[in-house]
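Notes to accompany the following structure.
The model shown is predicted, which means the values in this text are computed figures rather than measured ones. Note that the numbering runs from 1 along the sequence shown for the chain.
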Amino acid sequence: MDRIFIKNLTVETIIGIYDFERVTPQRVVLDLEMSADIARAAASEDVESTLNYKELSETLTQYLQDSRFQLIETMAERITELIRSDFGVRWVKLTLHKPDALPGDIDVGVIIERGDAV
């Protein structure tokens, strides 16, 4: 299985359950691995033949900037649903970090995989 990855996609968004979190944007950081068949794109050098990571990154950034999730678990599910439905990805692994959730240099988050590995 070929994979395309995006690491450290950082977005400011409203995320959290506490009152202050509902008004102050926080950073979330996405690390993604997605199944892709890159053979056609490699042969043709045509971006239309592959998973366009620039378009996907821009779509996710806008989606998260517009969102108002309370839990990162819900955010992670919705991100993977969007990737699979809008970009035709069969399998995705998402590591979703909320680096400012706890004081100090502590990183928290969730890791989910959705779909069938090809």
Side-chain angles (χ1 to χ4, degrees):
M1 169 177 54
D2 302 331
R3 295 183 185 180
I4 292 179
F5 70 88
I6 298 171
K7 301 277 186 197
N8 298 317
L9 177 61
T10 303
V11 181
E12 296 275 333
T13 187
I14 298 295
I15 178 72
I17 59 171
Y18 300 109
D19 290 342
F20 73 91
E21 293 178 307
R22 304 309 302 155
V23 295
T24 304
Q26 298 180 68
R27 284 186 308 146
V28 293
V29 181
L30 288 72
D31 295 329
L32 293 157
E33 288 185 38
M34 298 156 288
S35 63
D37 180 357
I38 66 167
R40 260 186 43 222
S44 68
E45 294 220 59
D46 179 10
V47 71
E48 298 301 320
S49 299
T50 192
L51 176 60
N52 186 327
Y53 52 80
K54 180 180 186 295
E55 181 181 333
L56 187 133
S57 297
E58 290 170 350
T59 298
L60 290 178
T61 297
Q62 190 62 56
Y63 177 75
L64 291 174
Q65 287 173 341
D66 294 342
S67 73
R68 300 291 180 261
F69 293 109
Q70 293 186 35
L71 299 176
I72 59 172
E73 292 85 349
T74 307
M75 179 183 280
E77 284 289 342
R78 297 304 175 268
I79 289 168
T80 57
E81 287 170 4
L82 184 148
I83 292 168
R84 294 185 70 218
S85 66
D86 290 11
F87 290 89
V89 171
R90 291 182 55 191
W91 173 86
V92 59
K93 178 180 177 182
L94 166 66
T95 303
L96 178 58
H97 308 260
K98 190 177 175 189
D100 303 320
L102 298 174
D105 291 332
I106 300 171
D107 188 15
V108 299
V110 297
I111 301 171
I112 67 172
E113 290 185 44
R114 296 295 180 263
D116 300 322
V118 180

Exceeds 12 heavy-atom contacts within 6.0 angstrom, atom OH of Y53
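12 or below, so no.
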
Excluding sequence neighbours, so at least two apart, what forms side-chain hydrogen bond (donor to acceptor under 3.5 Å, both in side chains) with [X]?
X    : value
R3   : E33
D37  : none
R114 : E77
Q70  : none

Supply the atom-to-atom distance [X] [atom1] to [Y] [atom2], rounded to the nearest 0.5 angstrom.
X   : Y   : atom1 : atom2 : result
S57 : N52 : OG    : CG    : 8.5 Å
Q26 : I72 : CD    : CD1   : 10.5 Å
F69 : T74 : CZ    : OG1   : 7.0 Å
Y63 : L56 : OH    : CG    : 13.0 Å
L94 : I83 : CG    : CD1   : 6.5 Å
M75 : L30 : CE    : CG    : 8.0 Å

Measure from the side-chain N and O atoms of R90 to the backbone N and O of A36, and report whether any donor-acceptor pair falls under 3.5 Å.
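No.
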
Contacts of E81 that satisfy salt bridge (Lys or Arg N to Asp or Glu O under 4.0 Å) - sequence neighbours left out
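If we apply the salt bridge (Lys or Arg N to Asp or Glu O under 4.0 Å) test to E81, skipping adjacent residues, the hits are R78.
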
Summary of salt bridge (charged side-chain N to carboxylate O under 4.0 Å, His left out) pairs that have at least one residue in residues 40-55, sequence neighbours excluded
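Non-adjacent pairs meeting salt bridge (charged side-chain N to carboxylate O under 4.0 Å, His left out): K54-E58.
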
Would you list the pairs meeting salt bridge (charged side-chain N to carboxylate O under 4.0 Å, His left out) in which at least one residue belongs to residues 93-113, sequence neighbours left out?
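Qualifying pairs, neighbours excluded: E21-K98, R27-D100.
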
What are the two closest heavy atoms between W91 and D116, and how far apart are they?
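Closest pair (atom of W91, atom of D116, distance): CB-O, 3.3 Å.
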
Side chains of [X] and [Y] in contact at under 4.5 Å (non-hydrogen atoms):
X   : Y   : value
L32 : L60 : yes
V92 : S35 : no
I79 : L82 : no

How would you list, by chain and number, every residue that makes a side chain to side chain contact (heavy atoms under 4.5 Å, CB included) with A41, sequence neighbours excluded?
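For A41 the side chain to side chain contact (heavy atoms under 4.5 Å, CB included) partners, ignoring immediate neighbours, are S49, T50.
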
Taking distance alone, no hydrogens or angles, what donor-acceptor pairs closer than 3.5 Å link side-chain atoms of residues 5-20 to residues at least two apart or in another chain?
residue	atom	partner	partner atom	Å
T10	OG1	N8	O	3.3
T13	OG1	L64	O	2.4
T13	OG1	S67	OG	3.3

Could you list who else is in I106's hydrophobic cluster, with ILVMFWY side chains joined at under 4.5 Å, directly or through other members?
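I106 shares its hydrophobic cluster with L102, V108.
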
Applying the 4.5 Å side-chain criterion to the ILVMFWY set and letting contacts propagate, would L71 and I111 be lumped into a single cluster?
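Looking at the clustering, I111 is in a separate group from L71.
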
